[in-house]
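Inspection log for the structure reproduced underneath, given as structure tokens.
Note that these values count all heavy atoms, side chains included, but never hydrogens, waters or copies made by symmetry.
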There are 2 protein chains.
Amino acid sequence: MPKTHRLDRAQVVAAAAEIADARGLEALTLAALAQRLEIRIPSLYNHIDGLDALRREIGLLGLRDLDVQLTRAAAGRQGTDALRAVARAYFLYARAHPGRYLAAQRPAREPDPELETAGANIVDLLRTILKPFALSARDQIHAVRGFRALIHGFVSLETTGGFGLPVDVDHSLERALGWFFEGLDHPGRTPRNRTK
Amino acid sequence: MPKTHRLDRAQVVAAAAEIADARGLEALTLAALAQRLEIRIPSLYNHIDGLDALRREIGLLGLRDLDVQLTRAAAGRQGTDALRAVARAYFLYARAHPGRYLAAQRPAREPDPELETAGANIVDLLRTILKPFALSARDQIHAVRGFRALIHGFVSLETTGGFGLPVDVDHSLERALGWFFEGLDHPGRTPRNRTK
DNA sequence: TTATTTTAACTAATGCATTTAGTTTGTCAA
DNA sequence: TTGACAAACTAAATGCATTAGTTAAAATAA
């Protein structure tokens with residue numbers, strides 16, 4: 001009676017990622033996935049090791065795809081131009097694939113080399129772009145973190161509805177990046193608003 | 001047979017928030033909560049409208065407590081001093097109450113005036129602090145968003161293990177805020193790294 | 001071609017969590 | 001003292017994830 005379905009792991013993960021993007025990560029259940037694939041729930045266990053492992057797979061997929069997009073955006077650009085292009089690509093990816101992006105945020109309970117490598121690749125890309133800036137090794141790390149935090153913060157606050165006002169979020173990100181780059185480019189000025 | 005427990009809604013939410021902070025938001029189940037309160041699961045429905053509504057309550061509690069902490073931190077301070085103090089308080093709160101903070105991030109599916117008000121209060125605080133800066137109305141909104149995104153980004157990436165390198169995260173936040181404030185204080189400089 | 005192994009489907013059954021309905025018992029106020 | 005309400009309870013339904021064991025189809029090897 002078993003049908004001639006012949007699915008493989010990649011197809012299962014891809015279908016799961018589409019559900020997560022379209023209906024939200026919390027709507028991704030084995031029941032929903034099995035229904036979309038037209039198989040019974042237990043059959044999924046031939047391809048994946050349960051729901052939690054599936055979420056990890058989706059996050060890993062998202063992280064790797066994100067790296068591809070960011071690398072492409074940075075190609076042929078330098079300095080703040082490259083950073084702006086990367087930020088734009090980051091934002092577009094997270095908007096287009098909110099489920100994968102959220103899954104990539106999931107904290108790992110054990111050390112996970114594959115996830116760590118995927119994350120480190122993105123960090124390396126940013127460090128490469130930041131090379132021309134006159135930053136100490138320590139400051140370079142701070143700058144990468146600040147850049148990531150700024151973009152991720154915008155993405156995260158937007159997707160959770162944190163921005164209530166009817167002002168364009170893209171424009172806010174552009175402006176905030178501008179201020180951040182300003183400081184990166186011209187460090188060590190006299191503070192004006194520290195004490196009024 | 002019913003015991004003389006006499007719980008009320010606030011106690012139930014408080015106990016739930018403690019579980020969420022101590023063991024993670026995903027570990028907050030009605031079973032765990034009922035066990036801690038030494039009542040049966042269905043009795044919880046006398047106080048709260050199910051698990052999802054409970055998560056909302058915890059998020060609202062977190063948002064309001066966060067506002068109190070930030071307001072306290074800003075008292076008696078101005079300009080970037082006030083912003084740094086607020087950032088520090090924000091960070092400390094999110095670290096001390098990760099469950100409540102994460103619950104506050106939960107997207108609302110319907111308009112939720114209570115949550116919106118709690119969020120708007122924090123935004124208003126930041127706008128007040130930013131008054132002395134010479135910013136247009138539009139730029140003030142961008143600055144508030146950038147500030148929130150930067151802090152939330154750091155908090156979020158830290159709690160999800162996004163920072164792999166053994167470099168102090170607090171220090172990275174300080175440095176990133178410094179660059180951001182630099183740009184806020186000295187807008188409109190000539191970009192150096194735009195084209196090398 | 002035929003035999004064997006592997007893959008991927010299936011059914012059956014268990015356990016846990018959320019939720020609803022209906023019931024009982026203390027507590028407080030009239 | 002009595003009556004009403006609040007808050008506990010038991011019983012039961014539903015849905016999801018998971019495991020165990022089984023079967024058929026496809027791929028591979030003789």
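To the nearest angstrom, P of C:dA8 lies 7 Å from CG of A:Asp8. With rounding to whole Å, B:Leu44 atom CG is found 9 Å from D:dA8 atom P. Summarising the geometry, the separation between CG on B:Leu7 and P on D:dA6 is reported as 15 Å, rounded to the nearest angstrom. Atom P of nucleotide C:dA17 and atom CG of B:Leu54 are separated by 15 Å, given to the nearest angstrom. Between the CD1 atom of B:Ile48 and the P atom of D:dA6 there is a distance of 17 Å, given to the nearest Å. Note: CG (A:Asp52) to P (D:dT19) measures 12 Å, nearest angstrom. Nucleotide C:dA8 holds its P atom 10 Å from the CD atom of A:Gln11, rounded to whole Å. Rounded to an integer number of Å, the gap from B:Ile39 CD1 to D:dA8 P is 5 Å.
Cluster membership check: B:Tyr93 shares its hydrophobic cluster with B:Leu70, using side-chain heavy-atom separations under 4.5 Å among Ile, Leu, Val, Met, Phe, Trp and Tyr.
Using a distance-only test at 3.5 Å, with no hydrogens or angles considered, no donor-acceptor pair links the side chain of B:Asn121 to the main chain of B:Asp67.
Using a 30° and 60° split on the angle between ring planes, B:His171 and A:His142 fall in the tilted class, from 30° to 60°. By the 30° and 60° cut-offs, the orientation of the rings of A:Phe91 relative to A:Phe154 is perpendicular.
Contact between the side-chain N/O atoms of A:His47 and the OP1/OP2 oxygens of C:dA9 is found at a separation under 4.0 Å.
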Measure all distances between protein nitrogen or oxygen atoms and nitrogen or oxygen atoms of nucleotides 10-15 of chain D, and list the pairs falling under 3.5 Å.
none

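Every residue meeting the salt bridge (Lys or Arg N to Asp or Glu O under 4.0 Å) condition with B:Asp170, not counting sequence neighbours, appears here in chain and number order: B:Arg95. By the salt bridge (Lys or Arg N to Asp or Glu O under 4.0 Å) test, A:Arg55 pairs with A:Asp52, sequence neighbours left out. Take B:Arg148 and apply the salt bridge (Lys or Arg N to Asp or Glu O under 4.0 Å) test, not counting sequence neighbours, and it matches no residue. Partners of A:Tyr90 according to the ring-ring contact (aromatic ring centres under 6.0 Å, His included) rule, which considers only residues two or more places apart in sequence or in another chain, are A:Tyr101.
Within 3.5 Å, no donor on the side chain of B:Asn46 pairs with an acceptor on the base of D:dA6, nor the reverse.
The stretch residues 17-29 of chain B does not touch DNA chain D, since none of its heavy atoms comes less than 4.0 Å from the strand.
To the nearest 0.5 Å, atom CG of residue B:Leu126 and atom CD of residue B:Gln140 are 10.0 Å apart.
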